Amino acid sequence: MTFSVAAGFEGAEFSAQVGFEEVTFAGIAGFNDATFSADADLSGSLFSTAAQLGPLVCFGRLDLSSTVFAVPVTSEAAPMSVVCTDPVGGNRDAASAARHRIDPGWQTVGL
């Protein structure tokens, strides 16, 4: 699935497990103040222009495995747990400029 324009989920409340696996967000992907009551799967997704992800809260597992951020990104998330293998999908330029604040279980850890 591809969102070719802005995808606005600001303030959304997802009451079940949510899957955005391998989704392309070509425009702005707005997850500001989104709340996930269960797992949120963004694995394999491409964020083409998103310079910010969150802040968001996830009462389950947040999966950012193989997620590609094409531009430097600042992300803020408070999941109960996080899966994050190769979170920039090989884009090392974006990786060097990325800033993440992930608080699994609401205890801060650095990536």
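Given the structure is predicted, the values throughout are model-derived calculations rather than measurements. If you read the sequence from its start, that first residue is 1, and numbering goes on from there.
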How close do [X] and [Y] get, counting heavy atoms only, and between which atoms?
X: G54; Y: N32; result: O-OD1, 3.0 Å
X: F20; Y: S45; result: O-OG, 2.5 Å
X: V71; Y: S48; result: CG1-O, 3.7 Å

Kindly work out whether a path of hydrophobic side-chain contacts (I/L/V/M/F/W/Y, heavy atoms less than 4.5 Å apart) joins [X] to [Y].
X: V23; Y: V5; answer: no
X: L53; Y: V83; answer: no
X: I28; Y: M1; answer: no

Flag, side chain of [X] to backbone of [Y], donor-acceptor distance under 3.5 Å:
X: D39; Y: G60; answer: no
X: T74; Y: Q52; answer: no
X: S37; Y: A16; answer: no
X: S43; Y: D63; answer: no

What is the distance from atom [atom1] of [X] to atom [atom2] of [Y], rounded to the nearest 0.5 Å?
X: F31; Y: L42; atom1: CZ; atom2: CG; value: 5.5 Å
X: L62; Y: C84; atom1: CG; atom2: SG; value: 8.0 Å
X: E22; Y: T67; atom1: CD; atom2: OG1; value: 10.0 Å
X: F9; Y: F3; atom1: CZ; atom2: CZ; value: 4.0 Å

(Q) Any heavy-atom pair between the side chains of D33 and P55 that's under 4.5 Å? (A)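 Sidechains of D33 and P55: in contact.
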Q: Kindly indicate whether the side chain of F47, heavy atoms from C-beta on, has any atom under 4.5 Å from the side chain of V73.
A: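 Of all side-chain heavy-atom pairs linking V73 with F47, none is under 4.5 Å.
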